[in-house]
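Below: one structure, written as structure tokens.
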Amino acid sequence: MSFKSVLLPVEMVAPDAVEKEMKIALDLIADDGVIDILFVDDVSVHHSMAASMSYGFEKKFDSHAFLTEIIEHWVPEKHRGKAIIRHGVIYDEIVAQARKSDVDAIIMASAKPKFRSYFLGSNASKVVRHASCSVVVVR
């Protein structure tokens, strides 16, 4: 199975997950396929996070540079798609971008579940339930 277009949501706090996601994406991408990289900034949505984030950090973090670095480091030139930044609730934005870009698959990491996630659900589980394309969850 190979995909023509893949959406790869990434988090800056999980660089090891990016490597795992990318390896799978490169294994599953068609010869002429494209990988889009997505970062969802959810700080403004989750107000409880805003108090723990310093103003300096928010200003210093350049999400476009972060995505560009990932693309240049991991994605072969022939597979390079877009660097996309969205603001909102992570799982909603991933599903919305997948529909907008009409991708064949989303490849994303998932943390090992904690007891509370069985009740609340993780981003990955919500994406799996609501995406209109294939979803590959990487651990």
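- One finds the OG atom of S134 at 9.5 Å from the CD1 atom of I107 (value rounded to the nearest 0.5 Å).
- The line from CG of D62 to CG of L67 is 9.0 Å long, rounded to the nearest 0.5 Å.
- A distance of 11.5 Å separates CD1 in I35 from CZ in F3, rounded to the nearest 0.5 Å.
- Residue pairs satisfying the salt bridge (Lys or Arg N to Asp or Glu O under 4.0 Å) criterion with at least one member in residues 7-31, sequence neighbours excluded, are listed as follows: E19-K23.
- The closest side-chain heavy-atom distance from K126 to I90 is not below 4.5 Å.
- Here the side chains of V10 and F66 are in contact, with some heavy-atom distance below 4.5 Å.
- In this structure, L26 and W74 approach most closely via the heavy-atom pair CD1-O, 3.7 Å.
- Closest heavy-atom contact between I71 and G81: CD1-O, 4.5 Å.
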Mind listing the side-chain donor-acceptor pairs of residues 94-105 below 3.5 Å, one per line with the distance, residues two or more places apart or on another chain?
residue : atom : partner : partner atom : Å
Q97     : OE1  : R86     : NH1          : 2.8
Q97     : NE2  : S101    : OG           : 2.7
R99     : NH2  : H130    : O            : 2.9
S101    : OG   : Q97     : O            : 3.3
D104    : OD2  : K4      : N            : 2.8
D104    : OD2  : S5      : N            : 3.1

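- Residue pairs that meet the salt bridge (Lys or Arg N to Asp or Glu O under 4.0 Å) test with at least one member in residues 72-81, sequence neighbours left out, do not exist here.
- By the rule that hydrophobic residues join a cluster once side-chain heavy atoms approach within less than 4.5 Å of another member, V18 and I29 end up as members of one cluster.
- For the residue pair A124 and V137, the shortest heavy atom distance occurs at CB-CG1, 4.2 Å.
- Note: the hydrophobic cluster containing M108 does not contain V34 (ILVMFWY, side chain heavy atoms under 4.5 Å, direct or indirect links).
- For the pair V6/L28, no side-chain contact is recorded, criterion being any heavy-atom separation below 4.5 Å from C-beta on.
- Between D92 and V40 the shortest side-chain heavy-atom distance does not fall below 4.5 Å.
- If you run side-chain contact (heavy atoms from CB on, under 4.5 Å) between S63 and each of I85, I84, D41, T68, only I85 comes through.
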